[in-house]
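Input: a single structure, listed below in structure tokens.
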Amino acid sequence: MPAPARVDVEGWGWRYAGRRLPATRDVDLTIEPGERVLLLGASGAGKSTLLAGLAGLLGGSDEGESTGRILVDDRAPEGQRGRIGLVLQDPEAGIVLSKVGDDVAFGCENLGVPAAEIPARVAEAVASVGLAVPLDRPTKALSGGQKQRLALAGVLAMRPGLLLLDEPTANLDPEGVAEVRAAVEHVARTDGTTVVLIEHRTAVWSDLMTRVVVLAPGGGVLADGPPDRVFAQHGDALAAAGVWVPGRPVELPVLPPLEIPDAALSTSALSIGREKRTIVAADLALAVPRGAGTVITGPNGAGKSTLALTLAGLLPELSGEVVAAEALAARGMRRPSRWRSTELLTRIGTVFQEPEHQFLASTLRDELAVGPRALRMPAAEVDAIVDELLERLDLAPLAQANPFTLSGGQKRRLSVATVLAASPEVIVLDEPTFGQDRRGWSELVGLLQREIARGRTVVAVTHDADVVRHLGQHRIALGAVA
């Protein structure tokens with residue numbers, strides 16, 4: 001087994017090319033071999049940037065400018081192939097090959113692990129993360145949560161001395177969260193692997209971590225020490241900075257119970273799937289109440305995202321149909337899957353699970369203007385809408401930034417804002433609170449509650465129990481796929 005790694009960060013910072021301010025700066029940090037560090041901080045404080053720096057993935061001067069230095073075992077991380085394993089926020093970014101088993105084996109093959117040893121490593125890694133699918137399953141057929149487990153399995157199979165995890169359970173159901181936590185705990189305790197983990201929801205991990213490090217939004221380290229001491233001594237300041245402090249619930253109202261509302265969308269004998277030959281859920285008879293909050297829940301792979309995309313008119317029904325309310329009809333047609341893109345724009349807006357999949361422009365301001373401009377709104381009205389959304393979602397300082405340089409939480413808020421800019425009657429969101437700090441979460445969920453109060457219909461796919469509590473006036477629970 002590999003020896004655990006030591007990390008030294010000395011006055012380090014990084015500014016992305018084209019950005020005026022650094023993503024993070026003045027970070028001084030020493031991590032001893034075998035330590036397990038929970039890395040916290042408000043959205044945009046530079047947590048993911050620091051993890052990318054530790055992994056040696058930030059590139060050269062054309063991608064940005066660094067200060068200070070990072071060493072792993074007294075060497076630059078860029079030259080530590082196989083010694084450092086990174087699981088990114090976006091699991092799709094780590095998928096290379098078309099079959100599950102081949103993808104998990106890819107890293108081992110690149111490291112020159114003996115061929116006879118690789119199958120056992122693959123089997124052990126897949127089992128440890130609870131990815132219960134055949135090894136010849138196409139990676140494109142996996143759900144978002146399953147892809148998250150696949151990414152972790154691929155890293156664990158390489159047996160790194162430094163394991164870096166960027167919100168590894170963000171898209172997992174509760175069972176998946178427990179499995180991934182158990183997998184990380186097994187590696188940390190059995191192999192003594194050094195672990196640095198970013199996770200907004202701290203309660204799942206705080207008892208496993210030996211140390212909490214909190215990055216300050218303006219640079220440097222806000223707090224550092226054992227979890228119990230950091231949360232006890234700095235709880236108020238951390239919560240104010242946007243950190244999820246265990247035992248501190250969010251302060252938002254719970255929406256009132258529904259009367260007997262009309263349906264904005266309804267289904268009959270509906271079968272759904274990404275491919276015609278693969279049905280993930282069948283014979284669905286559902287109703288989405290108009291002017292209310294609906295949450296779609298269920299285990300990974302149950303078809304939640306597929307259902308959301310089908311309700312939104314972006315995937316065709318395999319059989320049966322989705323029907324919109326008469327007031328939403330376009331050209332006399334009530335089937336969203338048959339509407340044109342401009343007709344969907346003001347009727348059903350969709351926020352994808354991966355925010356990058358819907359970005360089109362090179363700045364946040366232009367991104368938010370795409371919808372209103374497509375609707376041919378006057379320039380002054382477009383500017384007013386964009387300015388309001390930038391302020392409401394705490395993105396105004398980044399108005400001229402490239403959307404792809406944002407943190408995961410900021411990308412999520414931007415993706416929600418781009419949909420709200422066109423004022424659709426129905427808003428469908430896939431994991432809307434992914435990557436959000438406490439403050440961003442409250443702003444986002446509060447914003448959706450206000451949209452509901454204005455008569456909008458909100459549909460959210462989520463594993464987040466607090467989202468269910470605060471938006472779930474109506475609930476659709478999908479079962480596991482057999």
Side-chain angles (χ1 to χ4, degrees), residues 1-14 24 27-41 46-59 66 68-91 93-94 104 106-113 121 124-125 128-129 148-169 180-199 205-206 208-215 221 224 227:
M1 292 297 174
R6 173 189 170 94
V7 175
D8 292 286
V9 184
E10 302 170 358
W12 187 81
W14 177 265
T24 190
V27 178
D28 288 294
L29 187 63
T30 296
I31 301 173
E32 299 293 344
E35 281 197 292
R36 303 189 290 273
V37 177
L38 180 59
L39 184 63
L40 302 179
K47 301 182 299 297
S48 295
T49 301
L50 176 56
L51 234 60
L54 292 172
L57 296 179
L58 284 176
S66 67
R69 66 176 184 168
I70 294 176
L71 299 175
V72 176
D73 294 331
D74 296 321
R75 295 171 54 201
E78 291 80 2
Q80 303 264 28
R81 191 168 68 95
R83 180 71 173 144
I84 304 167
L86 171 65
V87 179
L88 295 166
Q89 278 184 336
D90 177 9
V104 176
F106 179 76
C108 295
E109 291 169 349
N110 272 331
L111 293 175
V113 174
R121 286 201 189 193
E124 179 184 352
S128 70
V129 300
Q148 197 90 329
R149 299 186 208 191
L150 175 65
L152 178 58
V155 168
L156 293 182
M158 294 188 291
R159 298 177 180 171
L162 174 60
L163 179 60
L164 307 173
L165 301 154
D166 196 343
E167 299 203 59
T169 62
V180 169
R181 186 197 183 282
V184 173
E185 182 172 8
H186 173 77
V187 170
R189 295 194 190 280
T190 304
D191 301 342
T193 305
T194 304
V195 177
V196 181
L197 177 141
I198 297 172
E199 186 67 75
W205 297 95
S206 57
L208 174 60
M209 298 294 110
T210 59
R211 181 176 171 191
V212 168
V213 173
V214 185
L215 297 185
V221 174
D224 184 358

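For this chain, numbers begin at 1 and follow the sequence in order.
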**Item:** Partner residues of Arg81 under the side-chain contact (heavy atoms from CB on, under 4.5 Å) criterion, sequence neighbours left out
**Value:** Asn110, Leu111
**Donor on one side chain, acceptor on other, Thr169 and Gln148, under 3.5 Å** = no
**Request:** Quick one: pull up OG in Ser48 and CG in Leu88 and give me the separation to the nearest 0.5 Å.
**Result:** 8.5 Å
**Request:** For the pair Val37 and Val195, evaluate side chain to side chain contact (heavy atoms under 4.5 Å, CB included) and give the outcome as yes or no after the intermediate values.
**Result:** CA-CA 6 Å; Val37 177; Val195 177; over 6 Å; no
**Asked** For Leu58, what residues pass the side-chain contact (heavy atoms from CB on, under 4.5 Å) criterion, not counting sequence neighbours?
**Response** Trp12, Trp14, Tyr16, Thr49, Ala52
**Asked** Shortest non-hydrogen contact from Ala183 to Val129?
**Response** CB-CG1, 4.1 Å
**Message:** Within the structure provided, determine whether Leu51 and Leu39 are in side-chain contact (heavy-atom separation under 4.5 Å).
**Reply:** yes
**Qualifying residues under salt bridge (Lys or Arg N to Asp or Glu O under 4.0 Å), relative to Glu109, sequence neighbours excluded** = none
**Message:** I'd like to know if Arg159 and Glu124 make a salt bridge, using a cut-off of under 4.0 Å between side-chain N and carboxylate O.
**Reply:** yes
**Message:** For a 4.5 angstrom cut-off between non-hydrogen side-chain atoms, does Ser128 reach Leu156?
**Reply:** yes
**Request:** Measure across Arg181 and Trp205 and return the closest heavy-atom pair with its distance rounded to 0.1 Å.
**Result:** CA-CH2, 3.5 Å
**Prompt:** Any side-chain heavy atom of Leu197 sitting closer than 4.5 Å to one from Arg36?
**Reply:** no
**Fill in**
Sorted by chain and number, sequence neighbours left out, salt bridge (Lys or Arg N to Asp or Glu O under 4.0 Å) with Arg83 holds for Asp73
**Prompt:** If you look at every heavy atom in Pro77 and Gly56, which pair is closest and at what distance?
**Reply:** CB-N, 3.8 Å
**Spacing of CG belonging to Leu86 relative to CD1 belonging to Ile84, to within rounding of 0.5 Å** = 9.5 Å
**Prompt:** What's the spacing between Leu38 CG and Lys47 NZ if we round to 0.5 Å?
**Reply:** 10.5 Å
**Fill in**
Thr194 meets the side chain to side chain donor-acceptor pair (under 3.5 Å) criterion, sequence neighbours left out, with none
**Asked** For Ala5 and Leu162, which heavy atoms make the closest approach, and how far apart are they?
**Response** CB-CB, 3.9 Å
**Value rounded to 0.5 Å, distance of CG in Leu57 from CG in Leu164** = 9.0 Å
**Message:** Using 0.5 Å steps for rounding, measure from the CD1 atom of Ile70 to the CZ atom of Arg75.
**Reply:** 15.0 Å
**Request:** Side-chain contact test, heavy atoms from C-beta onward, threshold under 4.5 Å: evaluate it for Ile198 versus Leu165 and give yes or no.
**Result:** no
**Complete:** Between Val104 and Ala153, the two heavy atoms sitting closest are CG1-O, 3.8 Å
**Prompt:** Looking at side-chain heavy atoms only, is the closest gap between Leu40 and Leu215 below 4.5 Å?
**Reply:** no
**Request:** With sequence neighbours excluded, tell me which residues meet salt bridge (Lys or Arg N to Asp or Glu O under 4.0 Å) with Arg6.
**Result:** Asp8, Glu32
**Fill in**
Closest heavy-atom pair, Val155 versus Gly85, reported as atoms and distance to 0.1 Å, is CG1-CA, 3.6 Å
**Prompt:** In chain order, what residues pass the side-chain contact (heavy atoms from CB on, under 4.5 Å) check against Thr193, with sequence neighbours excluded?
**Reply:** Leu163, Val187, Asp191
**Message:** For the CD atom of Glu10 and the OG1 atom of Thr30, what is their distance to the nearest 0.5 Å?
**Reply:** 7.0 Å
**Complete:** The salt bridge (Lys or Arg N to Asp or Glu O under 4.0 Å) partners of Glu35 (sequence neighbours excluded) come to Arg211
**Message:** Can a donor-acceptor pair be found, under 3.5 Å and without considering hydrogens, that links the side chain of Asp224 to the backbone of Val213?
**Reply:** no
